[in-house]
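Residues: numbered from 1 along the sequence shown.
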Amino acid sequence: MTQASAQTTSQQPSPTYAIKPNYGPVGSSFTASWSNAPCRDIRILWDGAQIAEMVAISGSVPATVPSNATVGSHTVEFSCSGKTSFGKAAFRVTAPPTTSRPPVTTTTNPPVVTTNPPVVTTTSRPRPTTTTTRPTTTTTTPVTTTTETTPSTTDVPTTTPVITDVPEPKRDLKLDREAIQPGDSLEATGRGCDPNHTVLLTSGGEKVGATVADGQGEFRTKVQFSKIVPGRHLIAAECGILLTGAVDQLVTSSMGGSSSTLVILVFFVLAGSALIRFT
C-alpha cells in the first residue's frame, strides 16, 4: 500500500504600515510604524527622498517634515532598501500658526510744572540828616577887645526827599539811574515791543519821552521830566506792550559861611565905648 504524505504550506501575513499623526506644519515630527515587512532594511521616503531608516521587519521610526515642504498633501513611502515599496501613506502639511503681537501702549509722562519763587524788591529810603550849628563866643577886655568867632557850618542837606507811594513796577523798563537830581540826565531802554512801533513814555499822566522801536522790538531814549518833584515816580513805556520802571527824584540844599558882618559891627561898638571911657 502506498502512503501519501500531505504537505502543509504556511503563507506569510501581509505587511501593515501607518504614520501618526498624518498632518502638521513644516518642521513638525511624526512616527512611521510597520509590521510583517517583506525585508529588514526599511527606509522611509518623503515624496521619493529618504528621511529615515531602520533594520527591522516590524518596528517604528521618528521622522520630521522637511523644511522645504509646501502646504498640502505629500506621500510618505515605506520601502525595502529604497527600491521596492510595500506601502504608501498621505501626510498633509498645514500652514504655520499665526502669532499675534499685543498692541504697543505708549505712556505719556505728565507735564512738569515749574513755579518760580516770587521776586521781593526792597526799597531803601535815605536816612534823615541832622544839622548842627555851633554858637558864637565873644570876649571883651577894658583896653583890648578880642572877639573869637566860629563860623556857622551846615554839614548836610536841610531838605529830605519825600518818597511817595507808587505801584511796584515790573522793572522790565531799564533805567540807567535809580535816583536823579535837577539837571541829571536819565536814559531808558526796553525790549519785547512790536517791531517799528511808536514808544510813548509817561509818568503821572505826563509825557516824559518818545521814540520808535527797531525791527527787533528794542529801543533806547532819553527821559526828561518837565518839573522836579521830590519822591518816587513810576515811568511807563507803551509800545504794543507795557513796560514799567521807577526812579527817585532828590532835591537837596546846603548853607554855610560866617557871620563876618555881625562880628565887624560888634567890634566897632566896643571900640567906641572904650574911647568914651578914656576921654
Inset, instruction - Mind listing the closest non-hydrogen atom pair of Leu201 and Ala188 along with its distance? - result: CD2-CB, 3.9 Å
Inset, instruction - Show your working on side-chain hydrogen bond (donor to acceptor under 3.5 Å, both in side chains) between Thr31 and Ser60 and close with a plain yes or no. - result: CA-CA 7 Å; Thr31 301; Ser60 62; over 6 Å; no
Inset, instruction - Apply ring-ring contact (aromatic ring centres under 6.0 Å, His included) to the pair Trp46 and Phe91, showing each step before the final yes or no. - result: CA-CA 9 Å; Trp46 176 280; Phe91 189 96; 5.5 Å; yes
Inset, instruction - Report yes if some heavy atom in the side chain of Cys80 is under 4.5 Å from a heavy atom in the side chain of Pro38; otherwise report no. - result: yes
Inset, instruction - Search all heavy atoms of Ile51 against all heavy atoms of Pro66 and return the closest pair with its distance. - result: CG2-CG, 4.3 Å
Legend entry - Min side-chain heavy-atom separation Val93-Val26 under 4.5 Å: yes
Inset, instruction - Calculate, to the nearest 0.5 Å, the distance between atoms NZ and OG belonging to Lys20 and Ser29 respectively. - result: 15.0 Å
Inset, instruction - Examine distances only and state if a side-chain atom of Asp214 and a backbone atom of Gly217 form a donor-acceptor pair shorter than 3.5 Å. - result: yes
Inset, instruction - Grab the two heavy atoms, one from Ala237 and one from Val199, that are nearest each other, plus how far apart they are. - result: CB-CG1, 4.3 Å
Legend entry - Closest non-hydrogen atom pair, Leu243 against Gly190: CD1-CA, 4.0 Å
Inset, instruction - Indicate, with yes or no, if Leu45 and Val76 share a hydrophobic cluster defined by side-chain heavy-atom contacts under 4.5 Å among Ile, Leu, Val, Met, Phe, Trp and Tyr. - result: no
Legend entry - Gap between atom CG of Leu173 and atom OG1 of Thr244 - 0.5 Å precision: 7.0 Å
Inset, instruction - Check whether more than 12 heavy atoms from other residues, nucleotides or ligands sit under 6.0 Å from atom CD of Gln224, and answer yes or no. - result: no
Inset, instruction - Decide yes or no on side-chain hydrogen bond (donor to acceptor under 3.5 Å, both in side chains) for Ser226 and Glu206, but give the supporting numbers first. - result: CA-CA 9 Å; Ser226 60; Glu206 297 184 1; 3.3 Å; yes
Inset, instruction - May I ask you to check whether Glu187 and Thr221 show a side-chain donor-acceptor distance below 3.5 Å? - result: no
Legend entry - Modelled atom types, side-chain donor and acceptor of Ser79 and Ser85, under 3.5 Å: no
Inset, instruction - Rounded to the nearest 0.5 Å, what's the gap from CD1 on Ile19 to OH on Tyr17? Could you check? - result: 10.5 Å
Legend entry - ILVMFWY cluster, Ile241 and Phe219 together (side-chain gap under 4.5 Å): yes
Inset, instruction - Report the distance from atom SG of Cys239 to atom CG of Asn196, rounding to the nearest 0.5 Å. - result: 12.0 Å
Inset, instruction - Using a 4.5 Å cut-off on heavy atoms from C-beta on, say whether the side chain of Thr16 contacts that of Trp34. - result: no
Legend entry - Aromatic plane relationship, His233 with Phe225 - under 30° parallel, 30 to 60° tilted, over 60° perpendicular: tilted
Legend entry - Gap between atom NZ of Lys207 and atom CG of Leu200 - 0.5 Å precision: 6.0 Å
Legend entry - Side-chain touch Lys222/Leu186, heavy atoms, less than 4.5 angstrom: no
Legend entry - Minimum heavy-atom distance between Leu234 and Ser203, given as atom pair plus value: O-OG, 3.0 Å
Legend entry - Shared hydrophobic cluster, Ile57 / Met54 (ILVMFWY, side-chain heavy atoms < 4.5 Å): no
Inset, instruction - Evaluate the side-chain proximity of Thr64 to Phe30: yes if any heavy-atom separation is below 4.5 Å, no if none is. - result: no
Inset, instruction - Determine yes or no for a side-chain-to-main-chain donor-acceptor pair under 3.5 angstrom, with Ser33 supplying the side chain and Gly59 the backbone. - result: no
Legend entry - Point-to-point distance, once rounded to the nearest 0.5 Å, from CD of Glu77 to NZ of Lys88: 5.0 Å
Inset, instruction - Might you point out which heavy atoms bring Pro15 and Ala37 nearest each other, and give the distance in Å? - result: CB-CA, 4.1 Å
Legend entry - Val247 side chain reached by Ile235 side chain, heavy atoms, under 4.5 Å: yes
